[in-house]
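Worksheet for the structure shown next.
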Amino acid sequence: MATITKGAGNGTLTTKCPPSNCRVGGGYAATDIPASTPCYFGTDGRINISSGAAANAAAAVDGWTLEDVKAGEFTTLYTDCNLGYGKGNDVAPGTSYYLGTAGVLSDIATTGGTRVIARGVPDNNITGAKEHKLRVRQSY
Amino acid sequence: MKGTLQVSDTLAALAAQSTGVTVADYGIEETFAVIDQDNRIYNDEVRNELLPDFCVTSGEREWVYGGNDEMTVEEIDQYGDPDTEKVGAGATMGAPLKRFGRAVQWTWDYMQVTPVAEIAKQYTALQTADLKGIRRNIRNAFFVPTNNLTYRDRLLDNRTIKTYSLLNGDGMAIPMGPTGTLSDAATRTHYMGTASLVAADVRALIRKALDFEVQGELVLYIPGTQETAIRAMNTPGDFSALVDVDIVQPNTATYVRGDLDLRNPNDRRIGKFGAAWVDVRPWMPDNYLLVVDKGTGDMKPLQFRTRPNGAFADFGLRARVQSHPLYGDTWARDYGIAVRNRHMAAALYIGNATYTAPVL
């Protein structure tokens, strides 16, 4: 299994003005959560980082964060949009990604992450270093 | 860096207090009016200063290129009449039309707390990206030695356009030289290589342009990494340097009239090599030299193609979308750059005897 490394900086939403339907909903973060992280709603309504370590409730992906949040802060989860994954990331275009451990992405299925939750989208800029993006979705 | 401008991105937010007038206070419409005004100045500079160096700017997408072929005459007596001859027709070549752009988007909160100056920085970065894109496409046109004969004009009407590199030995008819000499179109190439740069290589490169009627200023462009090597080629007839006019030169010195710019060592004219001025430019790829006849009027090495009526030829706002709390702009320019006169430039690769295009 290869863990996909997030690059430097706050990548976040790269789709311009996605439809309202991409906005899943919000909640208070149970822990510190980085941007572009798959998350699930706990039964207490709080937002937790998804994990594919086991086939349990934590393996659900309700949506993705768009910014870094601290524990206790309110955040809104989005889905079915493109997210940046930071400068110098090792996302590969056309590659499927699964839920790894604690919000990290894996390029092969894991115990709890048996479905594809993201695909690599190419960066087509003509002048700078490539910074490939993720097309993200839910899984439950 | 990819992403959406949000409150955590503002310098003011990081510093925990705002400085300067925010966009909300100044007014969003007023802010973008200032940005539009600045953008007009930027586009004027591109149109009047950058492009005229190398490009004919027009909506013309195809033109005929090629030179006069040769005919002969024979003696005729009172009963005779010569047989007929004819010259070959020129070839049609063209330029593509593409769109290059970028979107910027922000949250409503970002606009409430962000100083106008911070917004201006984002749009200045957009302009810089556009400028870099134009320069890259200019370099592509000069340095990539392959033709594209199947380009589909998708932004217009799907017509197939043939775009060509500089002369590359593909057999297309070549203009006649000033002495009436015709080059062999099947072998003449303006892409040269050398494993070890010497003065003879530079002379041969410049000669590629001198074999034709030079229309304008002849310039040898070099990267900064080659300045020392070129300066060392100072045999009479080769390189002569510009000097600092504030420094009195010895009576026996040989130098070029003019003033050496000491403040921009990476972007300046440094002298002459034979018939060509020598310019150090930051956009030149390492290990490559380029000689260009900058031409005049319609005789220039490259074409900067626009839409037929020039629409969208300037870098500007193409779409503004609001979907609260997100607001987004798309800025773009429609253009294409291709070789217009294949004989008016030549490139030399100094990493190998066989030319290889640079990674651009």
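Just so it is clear: chains get the letters A, B, ... in the order the sequence lines come, proteins before strands, and each one is counted from 1.
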key: Heavy-atom side-chain proximity of A:T65 to A:C39 below 4.5 angstrom   = yes
inquiry  = Just to verify, what does B:F304 make a ring-ring contact (aromatic ring centres under 6.0 Å, His included) with, not counting sequence neighbours?
reply    = B:Y335
task = Tell me, for B:D329 versus chain A, whether the close heavy atoms (under 4.5 Å) come from the side chain, the backbone, both or neither.
result = backbone
Qualifying ring-ring contact (aromatic ring centres under 6.0 Å, His included) pairs with a residue from residues 114-155 of chain B, counting only residues at least two apart or across chains = B:F32-B:Y123, B:F54-B:F142, B:Y123-B:W331, B:F143-B:Y288
remark   = Honestly, the part of A:P18 sitting under 4.5 Å from a heavy atom of chain B is both
query = Where on B:Y327 is there a heavy atom nearer than 4.5 Å to chain A: the side chain, the backbone, both, or neither?
reply = backbone
Test item: B:T306 and B:F312 side chains (from C-beta on) under 4.5 Å apart, heavy atoms = no
